[in-house]
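Counting starts at 1 for both ligands and their atoms, following the listed order.
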Amino acid sequence: MPSATTPPYAAPSPPDFDSIPELDWSLVASGDPIDRKLFLSKLRNVLLHVGFMYLKNHPVPTELVERIKQHTVDVFNLPLERKLKMDMIDSPHFYGYNRMAFERTAGAPDIREHIDLGPDSPSTYDPSSGPLYRKMRPGPNPWPDQEDAPGFKEDVKKYIATLAPLSREFIGLVAEAIGLPRESFYQFLEAADVPQGRIKMVHYPPTDTPNAQGVGPHKDGWLTFLLQVNDVPGLQVQNHSGKWVDVPPRDGTYVVNLGKGLQHLTHGVLLATTHRVLPPPPGVHRYSCPFFQDVALDVPWTPLDVPEEVRREVGARGEVVSDVKPLEPAGASDGWQYLANRIKSHPATGLRHYPDFARMVLGEEIFLKESATLDKLLAKRDAEI
Ligand SMILES: O=C(O)CCC(=O)C(=O)O
Ligand SMILES: [Fe+2]
């Protein structure tokens, strides 16, 4: 239904999606300009009307993907005390292990444990030389012991170094697909030669708790390349009328989706689509490994001039229903906003490494509550390792 704000010349709205479209990277890899055009026109349609896609025939070597899948399963099978040696709470870079149900989305605990890892560069932060948010990146990863996880470190570093340029090429195609110069989003990224990108290895155990969430409804921040590690469904995407659509694992593919930053920068032309993960049924464990493209910390998000004809097509989309309540303006991102978001997701880590800023971000009540439990949390953790 066209809304009251739909311009009279808008194209008719395409039907709402009830499955996730698939794009074929071989159309880009072939080097044939006609193939590329075809890819771009399909991409445009998906970006404007779905915001989520499978990507097949991607160039990431199968052996590397398989090793990452195996590491993801194996690392969570380590005893808790070994995982806690990689505790995120020790990392001002927000890299490391988060124990089960430690993180919350939409006010409820996520029944998952996860390990966040970056390109593993030494910290260069010097308090006298720049804003505090620069302390977040670059930084080293906490790693499992080599005997506990042979090849883990080498494979993760290689994997991030492979996904970073692929995601960069992809975002160039996103710009082209909506009628912008290919380089349009590069100003918001780190320079191509800076090691960058973050992965999150995730384990969703089965749970008896009624209405539990693997991860609650949310929108991602920027651009995600998700690897569904094993053959267990659970990921769902919310379509425009609010219905949840399954995104079952599909061998040899990535699930690619866009986040709030890209939606903001394009006046809503690009869609940050709401998604969630349901916990697996009894006896079944689900694993995944998203890669998140890093954005530069020093660049404010000033929206771009998307061509009028593209905006008009989006006008036909009408209202998009979402279970995510907007808590703050979606855009306005530079390093401060990014740090604030990390602190909100990981208050204990934020409090420990950025106490003054965390106090502002969390508000006095939560700050005092979290501070009171931080010492207990650390003592408990230290007793466990
Ligand atoms: O585990 C998944 O399939 C998706 C996880 C997710 O959406 C996230 O961590 O942002
Ligand atoms: Fe997500």
Side-chain angles (χ1 to χ4, degrees), residues 20 50-55 65 68-69 71-73 75-76 88 94-106 108-118 159-160 163 167 197-207 212-239 244-263 270-281 284-295 322-327 330 338 341-342 344-346:
I20 302 303
V50 185
F52 252 82
M53 69 208 88
Y54 290 101
L55 187 64
V65 169
I68 291 298
K69 287 182 174 180
H71 289 311
T72 304
V73 175
V75 78
F76 292 113
M88 181 187 280
F94 297 87
Y95 295 141
Y97 175 70
N98 268 257
R99 66 168 85 207
M100 200 66 80
F102 200 60
E103 210 181 344
R104 302 172 79 85
T105 302
D110 296 327
I111 308 302
R112 63 179 193 170
E113 54 179 341
H114 64 89
I115 300 174
D116 287 25
L117 298 162
Y159 186 70
I160 293 177
L163 268 287
S167 63
R198 184 164 62 93
I199 61 165
K200 188 191 274 291
M201 291 175 158
V202 196
H203 169 215
Y204 301 88
T207 171
Q213 60 189 30
V215 57
H218 68 281
K219 299 176 181 187
D220 287 353
W222 180 260
L223 173 66
T224 309
F225 273 64
L226 169 74
L227 193 60
Q228 302 205 69
V229 164
N230 63 343
D231 204 14
V232 176
L235 176 62
Q236 293 186 318
V237 168
Q238 198 164 29
N239 75 6
W244 290 102
V245 173
D246 289 328
V247 193
R250 199 177 281 180
D251 223 19
T253 66
Y254 279 96
V255 173
V256 181
N257 69 286
L258 309 189
K260 291 178 280 189
L262 289 163
Q263 180 162 326
L270 294 175
L271 268 178
T273 310
T274 302
H275 54 290
R276 70 178 181 186
V277 175
L278 302 177
V284 178
H285 294 251
R286 178 172 186 271
Y287 298 88
S288 72
C289 183
F291 167 92
F292 303 105
Q293 186 172 59
D294 273 341
V295 286
S322 170
D323 280 13
V324 177
K325 307 286 164 273
L327 293 175
Y338 189 83
N341 289 340
R342 301 304 285 153
K344 281 185 217 155
S345 294
H346 304 284

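Formation of a donor-acceptor pair under 3.5 Å by the Asn98 side chain with backbone atoms of His114 is not found in this model. Side-chain atoms of Gln263 come within 3.5 Å of backbone atoms of Ala272 as a donor-acceptor pair (strictly under, hydrogens ignored). The backbone N or O of Leu226 lies less than 3.5 Å from no partner atom in the side chain of Thr224, so there is not a single donor-acceptor pair. Although no hydrogens or angles enter the test, the distance criterion places a donor-acceptor pair under 3.5 Å between the side chain of Gln213 and the main chain of Thr105. The main-chain N or O of Met201 is never found under 3.5 Å from a side-chain atom of Thr72 such that the two would form a donor-acceptor pair.
The salt bridge (charged side-chain N to carboxylate O under 4.0 Å, His left out) test with Lys200 is passed by exactly one of Asp110, Asp220, Asp116: Asp116.
Proximity of Val202 to ligand 1, defined as any heavy-atom pair under 4.0 Å, is not found for any part of the residue. Neither the backbone nor the side chain of Lys219 has a heavy atom within less than 4.0 Å of ligand 1. At a 4.0 Å heavy-atom cut-off, ligand 1 does not touch Thr224 at all.
Close approach to His275 involves these atoms of ligand 1, each under 4.0 Å from a residue heavy atom: 7 (O). Residue Ser288 has at least one heavy-atom neighbour below 4.0 Å for each of these atoms of ligand 1: 1 (O), 2 (C), 3 (O). Under a 4.0 Å criterion applied to the non-hydrogen atoms of Leu226, ligand 1 contributes the atoms 2 (C), 3 (O).
For His275 atom NE2 and His218 atom NE2, the angle they make at the Fe ion (ligand 2) is roughly 90°, to 10 degrees.
Among all non-hydrogen protein atoms, the one lying nearest atom 9 (O) of ligand 1 is Arg112 NH1, 3.2 Å. In terms of protein heavy atoms, atom 3 (O) of ligand 1 is closest to Arg286 NH2, 2.9 Å. Atom 5 (C) of ligand 1 has as its closest protein heavy atom Tyr204 OH, 3.4 Å. In this structure, the protein non-hydrogen atom closest to atom 10 (O) of ligand 1 is His218 NE2, 3.1 Å. Among protein heavy atoms, the minimum distance from atom 4 (C) of ligand 1 is reached at Val277 CG2, 3.7 Å.
Side-chain contact annotation: Gln228 with Arg286, donor-acceptor N/O pair under 3.5 Å present. With 3.5 Å as the limit, one finds a donor-acceptor pair spanning the side chains of His275 and His218.
Residues Cys289 and His71 have side chains not in contact (no heavy-atom distance under 4.5 Å, counting atoms from C-beta outward).
Of all the N, O or S atoms in Asp220, the one closest to the Fe ion (ligand 2) is OD1.
Residue Gln228 places no N or O, backbone or side chain, under 3.5 Å from any N or O of ligand 1.
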